[in-house]
Amino acid sequence: YRGMDIGTAKPGPEVLAEAPHRLIDFLDPTEAWSAARFCEDALREMADIVRAGRVPLLVGGTMLYFRSLEQGLSAMPAADPAVRAAIEARAAREGWEALHACLAEVDPEAAARIHPNDPQRLQRALEVYELTGRPLSDFHRQAGAALPYRPLRLALVPGSRELLRERIARRFLSMLEHGFVDEVEALYRRGDLHPGLPSMRSVGYRQVWSWLAGEIDRETMIAQAITATRQLAKRQLTWLRSYPDVIWLEPDGIDLPALSSRIDGHL
């Protein structure tokens, strides 16, 4: 998303000059980007990179999108504004935890995978069921064409869980020092954005937005943002552990010769 740089750790001009990235700064925060659109866009860019004789690197932590790209997607219904509005209105009355309980009744598999504090995916799962009468999990099991490449999966994960927790806290405080509040405030003052948008529900952004709206104080904002980031990291690790043949790497002091040997063993 354009204008969302600090909170997403978007690579700066120096990094982009050395390591060109695709799908950066091409969406406005008012737009929604689905897993299906990601797959379409990513496959196009990957094919272009391969034609240039290079190897595409898929970098990030959005594991649902990666799984959709790797395993393919079935033909799910398009978003329905009326159904989404009804779900959001019900969430405003009852809370997302109540809606998560409803999802557990009709699609326990999806409910086990989707956290109660993940309104975007909760909404989509309920929307699919409302529109089709079928659980979202059914669509995932009937995936379409798989990725036409063989991925090599590398996971950068600190060996110590406590170290990861500390780094997450330091990272958010560093974001604040580098102007994250100013970044969110610029979005807040645009007038065409609201906290129900997928972009504004992003971790960090939604907590600062709540503070700017006067819903919470600054200390609560910081605590909630750090907690939400830690919960996201925990979900990412759960996804990674479900994948076969992952090469787990300690981010500090990677032994490149040893890594090369491990990669050779997966090729």
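This chain uses plain numbering: 1 for the first residue, then up along the sequence.
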Take atom [atom1] of [X] as the centre, draw a 6.0 Å sphere, and report whether it contains more than 12 heavy atoms from other residues, nucleotides or ligands.
X    : atom1 : result
R161 : CZ    : no
E162 : CD    : yes
E97  : CD    : no
H21  : NE2   : yes

| said: Run R44 and E40 through salt bridge (charged side-chain N to carboxylate O under 4.0 Å, His left out) and show every step you take. | reply: CA-CA 6 Å; R44 181 189 65 247; E40 180 181 344; 5.3 Å; no
| said: I need the H115 NE2 to T238 OG1 distance, nearest 0.5 Å. | reply: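 Here the interatomic distance stands at 10.0 Å.
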| said: Would you compute the distance between atom CG of L156 and atom CD of E250 and round it to the nearest 0.5 angstrom? | reply: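 Spacing of CG (L156) from CD (E250) equals 9.5 Å.
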Between the main-chain N or O of [Y] and the side-chain N or O of [X], is there a donor-acceptor pair closer than 3.5 Å?
X    : Y    : value
S174 : R170 : no
R201 : G196 : yes
R113 : S137 : no
Q207 : G204 : yes
R54  : I49  : no
S260 : L256 : no
H100 : I114 : yes
Q123 : I87  : no
D217 : T220 : yes
Y205 : G7   : yes

Restricting to non-hydrogen atoms, name the atom on [X] and the atom on [Y] that form the minimum distance, rounded to 0.1 Å.
X    : Y    : value
M200 : P195 : CB-CA, 4.0 Å
F172 : A225 : CZ-CB, 3.4 Å
P81  : A79  : CD-O, 3.8 Å

Same cluster or not: are [X] and [Y] linked, directly or through other Ile, Leu, Val, Met, Phe, Trp or Tyr residues, by side-chain heavy atoms under 4.5 angstrom apart?
X    : Y   : result
L193 : M4  : yes
Y1   : V15 : no
Y65  : L23 : yes

Could you tell me whether [X] and [Y] make a salt bridge, using a distance below 4.0 angstrom between a side-chain N and a carboxylate O?
X    : Y    : answer
D25  : K10  : yes
E88  : R84  : no
D245 : R150 : no

| message | Is the distance from the ring center of W33 to that of F26 below 6.0 Å? | response |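 Yes, they do, as the ring centres are separated by less than 6.0 Å.
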| Given side chains that start at C-beta, do those of R67 and Y243 come closer than 4.5 Å, heavy atoms only? |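 In short, these two side chains touch, coming nearer than 4.5 Å.
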| message | So, using ring pair (Phe, Tyr, Trp, His ring centres under 6.0 Å) as the criterion, who are the partners of Y149 when residues are at least two apart? | response |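 Result, ring pair (Phe, Tyr, Trp, His ring centres under 6.0 Å) vs Y149: none returned.
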